[in-house]
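Hydrogens, waters and symmetry mates play no part in the numbers below; they use all other heavy atoms, side chains included. One-based numbering, in listed order, for ligands and for the atoms of each.
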Amino acid sequence: MKLFRIVYVSRAAEAVSDGLMPLIDIIGVSDRNNRRDHLTGALMRHQGFFIQVIEGARGDLDRLMKRLHQDRRHEDLRILADRPVESRGFPDWAMVRLDAPPAADDFLDDHLEAPDAGDRAEALLVQASRSMAVAP
Ligand SMILES: Cc1cc2nc3c(=O)[nH]c(=O)nc-3n(C[C@H](O)[C@H](O)[C@H](O)COP(=O)(O)O)c2cc1C
């Protein structure tokens with residue numbers, strides 16, 4: 001099966017821009033659906049932005065992206081990277097919530113529009129995921 005990885009950034013709607021409950025809702029549904037669809041990835045919320053990476057088969061990703069574009073809990077969804085990959089970078093989670101590392105401020109303030117924003121966002125998520133324990 002050919003694997004793809006998408007990284008996007010979006011602006012959180014006010015109702016979900018802070019507090020843990022909205023995030024727990026999103027992660028709960030994502031975990032259930034993504035297990036079903038063999039998708040893996042990670043989600044970070046910081047400074048009113050969502051940064052998410054999702055990986056899996058093309059069809060499953062495209063169906064998810066369609067739902068994400070219609071979801072009113074965020075707007076201005078911008079795809080930063082969408083590329084074929086050899087293997088999963090986030091194999092351990094259907095969807096995991098990551099705390100933003102300090103470098104997230106720098107990325108959102110200064111590099112969101114940069115040509116290498118996709119690489120930077122991915123590196124940020126990888127960095128943040130290193131501190132997560134993998135559930136048994
Ligand atoms: C920032 C954000 C990230 C999301 N990530 C996912 C995801 O990884 N997988 C998923 O199925 N839904 C995700 N959702 C929710 C979808 O937009 C949509 O509400 C959901 O897939 C609908 O699933 P349901 O038909 O089972 O209720 C996300 C929503 C937001 C706002």
Side-chain angles (χ1 to χ4, degrees):
M1 181 188 77
K2 234 177 158 198
L3 274 177
F4 291 82
R5 181 180 304 138
I6 293 178
V7 183
Y8 76 81
V9 63
S10 63
R11 264 178 201 284
E14 204 177 328
V16 298
S17 64
D18 68 305
L20 209 51
M21 282 316 288
L23 271 184
I24 289 172
D25 281 348
I26 291 170
I27 295 289
V29 170
S30 302
D31 184 67
R32 189 191 66 213
N33 289 347
N34 294 359
R35 279 172 196 270
R36 176 196 65 200
D37 299 335
H38 309 290
L39 296 173
T40 49
L43 175 68
M44 186 184 285
R45 186 190 60 190
H46 192 58
Q47 284 190 17
F49 288 92
F50 287 117
I51 307 172
Q52 188 173 24
V53 57
I54 320 152
E55 38 194 29
R58 190 74 250 170
D60 296 307
L61 281 175
D62 289 345
R63 279 185 287 276
L64 173 55
M65 291 317 293
K66 203 168 162 193
R67 299 201 298 277
L68 285 171
H69 276 290
Q70 291 166 348
D71 195 320
R72 304 281 291 268
R73 289 173 289 184
H74 61 176
E75 57 189 6
D76 290 344
L77 193 161
R78 272 178 281 168
I79 307 277
L80 301 180
D82 181 347
R83 53 189 163 218
V85 289
E86 290 296 319
S87 60
R88 292 179 191 259
F90 301 80
D92 300 319
W93 306 285
M95 192 49 59
V96 66
R97 179 178 64 83
L98 296 177
D99 290 327
D105 286 311
D106 179 55
F107 169 68
L108 289 169
D109 292 345
D110 294 328
H111 299 286
L112 204 46
E113 312 289 341
D116 64 349
D119 292 337
R120 286 178 180 273
E122 212 178 297
L124 203 59
L125 290 156
V126 167
Q127 186 192 340
S129 72
R130 292 219 177 96
S131 61
M132 294 293 294
V134 177

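Between the side chains of D105 and H46, at least one donor-acceptor pair of N or O atoms lies under 3.5 Å.
Annotation for A121 and L80: closest pair CB-CD1, 3.9 Å, computed over non-hydrogen atoms. When all heavy atoms of D31 and A94 are compared, the pair lying nearest together is OD1-CB, 3.5 Å. Scanning both residues, A128 and P101, for their nearest heavy atoms gives CB-CD, 3.9 Å. The two residues A15 and P22 make their nearest non-hydrogen contact at O-CG, 3.8 Å. Closest of all the heavy-atom pairs between M95 and V53 is CE-O, 3.9 Å.
One hydrophobic cluster, built from ILVMFWY side chains closer than 4.5 Å, holds both M65 and L39.
Heavy atoms of R32 come nearer than 4.0 angstrom to ligand 1 in at least one pair. At a 4.0 Å cut-off, at least one heavy atom of Y8 sits close enough to ligand 1 to count as contact. Within the 4.0 Å heavy-atom cutoff, L68 counts among the residues contacting ligand 1.
From the protein, the heavy atom lying nearest to atom 5 (N) of ligand 1 is Q52 NE2, 3.1 Å. Closest protein heavy atom to atom 23 (O) of ligand 1: N33 ND2, 3.1 Å. For atom 13 (C) of ligand 1, the closest non-hydrogen atom of the protein is S30 OG, 3.3 Å. In terms of protein heavy atoms, atom 16 (C) of ligand 1 is closest to D71 OD2, 3.5 Å.
Remark: side-chain polar atoms of R97 are not paired, donor with acceptor, to backbone N or O of L20 under 3.5 angstrom.
Contact annotation: for R67 versus ligand 1, heavy atoms closer than 4.0 Å belong to both the backbone and the side chain. Here V16 has no heavy atoms under 4.0 Å from ligand 1, in either its backbone or its side chain. Here L64 has side-chain heavy atoms under 4.0 Å from ligand 1, and that is the only part of it that gets that close.
A salt bridge links D119 with R83: the distance from a Lys NZ or Arg NE/NH1/NH2 to an Asp or Glu carboxylate oxygen falls below 4.0 Å. Note on D37 versus R35: no salt bridge recorded, every NZ/NE/NH1/NH2 to OD/OE distance being 4.0 Å or above.
Residue M95 approaches ligand 1 through these ligand atoms, each under 4.0 Å from one of its heavy atoms: 8 (O). For ligand 1, the atoms sitting less than 4.0 Å from at least one non-hydrogen atom of I26 are 2 (C), 3 (C), 4 (C), 28 (C), 29 (C), 30 (C), 31 (C), numbered in the order shown with element in parentheses. Residue N34 approaches ligand 1 through these ligand atoms, each under 4.0 Å from one of its heavy atoms: 7 (C), 8 (O), 9 (N), 10 (C), 11 (O).
Ligand 1 has no N or O atom lying under 3.5 Å from any N or O atom of H74, backbone or side chain.
For atom 25 (O) of ligand 1, the protein comes within 4.0 Å by no heavy atom at all.
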